[in-house]
Each structure stands twice: as C-alpha cells, then as structure tokens.
Trainee: 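Sharing a structure, written as structure tokens. Questions coming.
Computation of the quantities below employed the complete heavy-atom set of this structure, encompassing side-chain atoms and omitting hydrogens, waters and symmetry-equivalent molecules. In this chain, residues are counted from 1 in sequence order.
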Amino acid sequence: GNVAILSVLSLCVIALFTHFHYHKHVPTKHYKIYLQRVLATYLFSFIVVALIVTIIERAPWTTDFAVAIKRVAIVAFPASMSGAIADTFR
C-alpha cells in the first residue's frame, strides 16, 4: 500500500535527481548506466538501513517480516535521498 508508493516515489526522486545532475546532456544510449545508478543508490541505502534497523533491534524479521520491511522502506526513503546527494560529492 502506502509503503510501496513511498518506495516508488523514492526511486522517482532519485531518478530525477540523477537525470538532472549526471545525464541531462548525455544521449539516451547511456540509459543502462543511468538505470544502474538509480537502482544501486536505492538498493545500497535499503541494505544499510536494514542492517542498522536490525542492529538496534527494531526490525522483527522472524516474527513479523512485513513490519520489518515496512520500517526499512520508510527509513530508506530519506536515506536514499541522502545517498543520491552524497553521490555528487566526488
């Protein structure tokens, strides 16, 4: 439901940010690289958030997997935005 919408929104914002920062004047032949950058940013953020939420014992993976995924997805939204911005600092 809402968490899925939040995840899609997160991917869209990362995609827009990445497009306007890196691929604005690049031909569309680099679409695969663009897509990889967007998905890698979100996936890396999701994994890091999952690890942190697990470490602080706020993700009930064994008792309520759906709640754990929802918590991670909600926190991954701002984390992925931060990851996309941090990606610009080379």
Side-chain angles (χ1 to χ4, degrees):
N2 292 340
V3 176
I5 293 170
L6 186 64
S7 295
V8 170
L9 178 66
S10 178
L11 283 168
C12 290
V13 172
I14 293 170
L16 286 171
F17 182 82
T18 303
H19 172 72
F20 286 113
H21 189 75
Y22 291 109
H23 300 276
K24 190 174 185 178
H25 303 291
V26 177
T28 56
K29 66 180 180 179
H30 297 290
Y31 182 74
K32 186 176 179 180
I33 294 169
Y34 167 71
L35 188 60
Q36 286 175 345
R37 183 182 290 269
V38 170
L39 292 176
T41 300
Y42 187 76
L43 185 63
F44 185 72
S45 298
F46 194 90
I47 290 169
V48 169
V49 168
L51 288 172
I52 291 171
V53 172
T54 301
I55 289 169
I56 63 171
E57 298 177 359
R58 294 293 176 211
W61 295 108
T62 56
T63 57
D64 199 349
F65 186 76
V67 169
I69 289 292
K70 288 177 183 179
R71 287 180 183 172
V72 171
I74 289 169
V75 177
F77 178 72
S80 62
M81 300 301 106
S82 300
I85 291 169
D87 191 29
T88 65
F89 303 138
R90 293 186 201 189

Trainee: Could you list who else is in Ile5's hydrophobic cluster, with ILVMFWY side chains joined at under 4.5 Å, directly or through other members?
Mentor: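 Other cluster members: none.
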
Trainee: Search all heavy atoms of Ala15 against all heavy atoms of Val38 and return the closest pair with its distance.
Mentor: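 Minimum heavy-atom separation between Ala15 and Val38: CA-CG2, 3.7 Å.
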
Trainee: Might you point out which heavy atoms bring Ala73 and Val3 nearest each other, and give the distance in Å?
Mentor: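 Closest pair (atom of Ala73, atom of Val3, distance): CB-CG1, 3.3 Å.
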
Trainee: Is there a side-chain contact between Leu11 and Leu39 (heavy atoms, below 4.5 Å)?
Mentor: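 A side-chain contact under 4.5 Å exists here.
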
Trainee: Under 3.5 Å, which donor-acceptor pairs link side chains of residues 55-72 to any protein atom two or more places apart or in another chain?
Mentor:
from, atom 1, to, atom 2, distance (Å)
Trp61, NE1, Thr54, OG1, 2.7
Arg71, NH1, Arg58, O, 2.6

Trainee: Given side chains that start at C-beta, do those of Phe46 and Ser7 come closer than 4.5 Å, heavy atoms only?
Mentor: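 A side-chain contact under 4.5 Å is absent here.
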
Trainee: Give a yes or no on whether Val75 and Val13 share a hydrophobic cluster (residues Ile, Leu, Val, Met, Phe, Trp, Tyr; joining criterion: side-chain heavy atoms under 4.5 Å apart).
Mentor: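 Yes, Val75 connects to Val13 through the hydrophobic network.
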
Trainee: Should Phe44 and Ile52 be regarded as members of a common hydrophobic cluster, given that ILVMFWY residues are connected when their side-chain heavy atoms come within less than 4.5 Å of each other, either directly or indirectly?
Mentor: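 Linked, Phe44 and Ile52 end up in one cluster.
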
Trainee: For a quick test of reading the model, state the closest non-hydrogen atom pair linking Thr41 to Ser80 and the distance between them.
Mentor: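 Closest heavy-atom pair between Thr41 and Ser80: CG2-O, 3.8 Å.
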
Trainee: Is the backbone N or O of Leu6 less than 3.5 Å from a side-chain atom of Ser10, with the two atoms forming a donor-acceptor pair by type?
Mentor: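 No, the answer is negative, given that no donor and acceptor are paired below the 3.5 Å cut-off.
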
Trainee: In Å and rounded to the nearest 0.5 Å, what is the CD1 to CG distance from Ile33 to Leu35?
Mentor: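 Rounded to the nearest 0.5 Å, the CD1-CG separation comes to 11.0 Å.
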
Trainee: Quick check on the hydrophobic clustering: are Tyr34 and Met81 connected, directly or via other members, by side-chain heavy-atom contacts under 4.5 Å?
Mentor: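 Yes; tracing contacts between hydrophobic side chains, which count when under 4.5 Å, links both residues.
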
Trainee: With a 3.5 Å distance limit and no angle check, can you tell me whether Tyr42 reaches the backbone of Ala76 through a side-chain donor-acceptor pair?
Mentor: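 Absent.
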
Trainee: Are more than 12 heavy atoms, taken from residues, nucleotides or ligands other than Phe17, located less than 6.0 Å from that residue's CZ atom?
Mentor: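 Yes.
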
